[in-house]
S.K.: 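Let me give you the structure first, and then I'll get to my questions.
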Amino acid sequence: MSSVTLSAPSIIAEDPRRCANGAECANKERLEDRGRLRWVGKLLPHEGGLCLDCVGRVERAIRALPADVRDLDKFIAPTSSGMEIRVSGTHDPQLNVRPEIESLRAKIDYETVYWAECVGMESPVGMRLEVRVFRACRWMAPRVHRLVWLGSQERSLWSREGEPVRDAQNVRETAFRAGVDGARALAQLHHQVRVVTGRTRLVHRLTPACPICDERALVRQNGGSHVECESCGKKIDERHYDWFVQITLSGAAA
């Protein structure tokens, strides 16, 4: 009679010590859960946080948000003919994307200023949206770790259209969000801007760390002939990268 080993893979997969990015974690792991394989976040020595590489992603996203706002401004600025920019990729009727762009700008403004204030920035009064976002991101970027470890904060709820959510008595509804939720939201906003402005491309994220800055931020564009580091910006020819990987593997096996 063969013995059966009982395990609780679902408990392992849902371990609160795993990176909060889950299947989107930069160092995700594949585990068996109830007989099926699934991707989970990297196991951390603590609960409710992000792994170091995911923290790096958030920091890069925060640093990019001011430029994202400028890109969005180009989409809603009047053209020389006085008409708004319209986006159309087919023969379908042209779609005015201005409301979506303005909503996204408003969300970036609110999220960046809110979380920057949560980690100690003074409230920016009397500033234009672009300046508020720039100052908030400049304040937060070197304080991402503090943001990730921030406890629950009460904040207003917003609809998908960028409007405050109100109850039957017209009172604004609130919810509690932790700093790690804010960090992930900021990274998601950066991704949304890339989608809206057509800057998304198929990218392969590579496992080895960059040989220049030692950050795990190497990517290769689909069909590209070189590898690029999203952290330091260094571009590496593919043949040099392959040599680097072989040297790394041989050193690890030694």
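Computed over heavy atoms, backbone and side chain alike; hydrogens, waters and symmetry mates excluded.
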S.K.: With a 4.5 Å limit on heavy-atom distance, are the side chains of Arg172 and Val165 in contact?
M.R.: no

S.K.: Please report the interatomic distance CD1(Ile62) to CD(Glu111), rounded to the nearest 0.5 Å.
M.R.: 11.0 Å

S.K.: Can you confirm whether Leu189 sits close enough to Lys107 that some side-chain heavy atom of one is under 4.5 Å from a side-chain heavy atom of the other?
M.R.: yes

S.K.: Are Glu24 and Lys28 ion-paired here, with the side-chain N under 4.0 Å from a carboxylate O?
M.R.: no

S.K.: Do other residues, nucleotides or ligands put more than 12 heavy atoms under 6.0 Å from Leu52 CG?
M.R.: no

S.K.: With a cut-off of 6.0 Å (strictly less than), are more than 12 heavy atoms of other residues, nucleotides or ligands near CD of Glu122?
M.R.: no

S.K.: How long is the straight-line distance from CG of Asp68 back to NE2 of His190, given to the nearest 0.5 Å?
M.R.: 5.5 Å

S.K.: If you define the side chain from C-beta out and look only at heavy atoms, does anything of Leu186 sit under 4.5 Å from Leu65?
M.R.: yes

S.K.: Should Thr197 and Leu72 be marked as a side-chain contact (heavy atoms from CB on, under 4.5 Å) after you check the CA-CA gap, both sets of side-chain angles, and the distance that decides it?
M.R.: CA-CA 7 Å; Thr197 57; Leu72 293 176; 4.1 Å; yes

S.K.: Inspect the contact between Glu154 and Arg177 and indicate whether a charged nitrogen and a carboxylate oxygen are less than 4.0 angstrom apart.
M.R.: no

S.K.: So, taking the atom named CZ in Arg57 and the one named CG in Leu50, what distance separates them when rounded to the nearest 0.5 Å?
M.R.: 10.5 Å

S.K.: With heavy-atom distances below 4.5 Å as the criterion, would you say the side chains of Tyr114 and Ser156 are in contact?
M.R.: no

S.K.: If you look at every heavy atom in Cys25 and Gly41, which pair is closest and at what distance?
M.R.: CB-CA, 3.7 Å

S.K.: Show which side-chain atoms of residues 135-151 pair as donor or acceptor with protein atoms under 3.5 Å away, not counting sequence neighbours.
M.R.:
residue: Trp139; atom: NE1; partner: Val119; partner atom: O; Å: 3.2
residue: Arg143; atom: NH1; partner: Trp139; partner atom: O; Å: 2.7
residue: Arg146; atom: NH1; partner: Val119; partner atom: O; Å: 3.0

S.K.: Is the shortest distance from a Lys or Arg side-chain nitrogen in Arg105 or Glu100 to a carboxylate oxygen in the other one below 4.0 Å?
M.R.: no

S.K.: Considering non-hydrogen atoms only, spot the tightest contact between Pro66 and Phe134 and give its length.
M.R.: CG-CA, 3.9 Å

S.K.: If you measure from SG on Cys51 to CG on Leu43, what distance do you get to the nearest 0.5 Å?
M.R.: 11.0 Å

S.K.: Compare all side-chain heavy atoms of Arg128 with those of Val131 and state whether any distance is below 4.5 angstrom.
M.R.: yes

S.K.: Can you find a heavy atom in the side chain of Arg18 that is under 4.5 Å from one in the side chain of Leu44?
M.R.: no

S.K.: Answer yes or no: is there a side-chain heavy-atom contact under 4.5 Å between Ile236 and Glu228?
M.R.: no

S.K.: Using side-chain heavy atoms (C-beta onward) and a distance below 4.5 Å, is Val196 in contact with Val193?
M.R.: no

S.K.: So, for Val113 and Arg132, which heavy atoms are closest and what is the spacing to 0.1 Å?
M.R.: CG2-CB, 4.0 Å

S.K.: Report yes or no: does Arg184 contribute a side-chain atom to a donor-acceptor pair with the main-chain N or O of Ala20 at less than 3.5 Å?
M.R.: yes

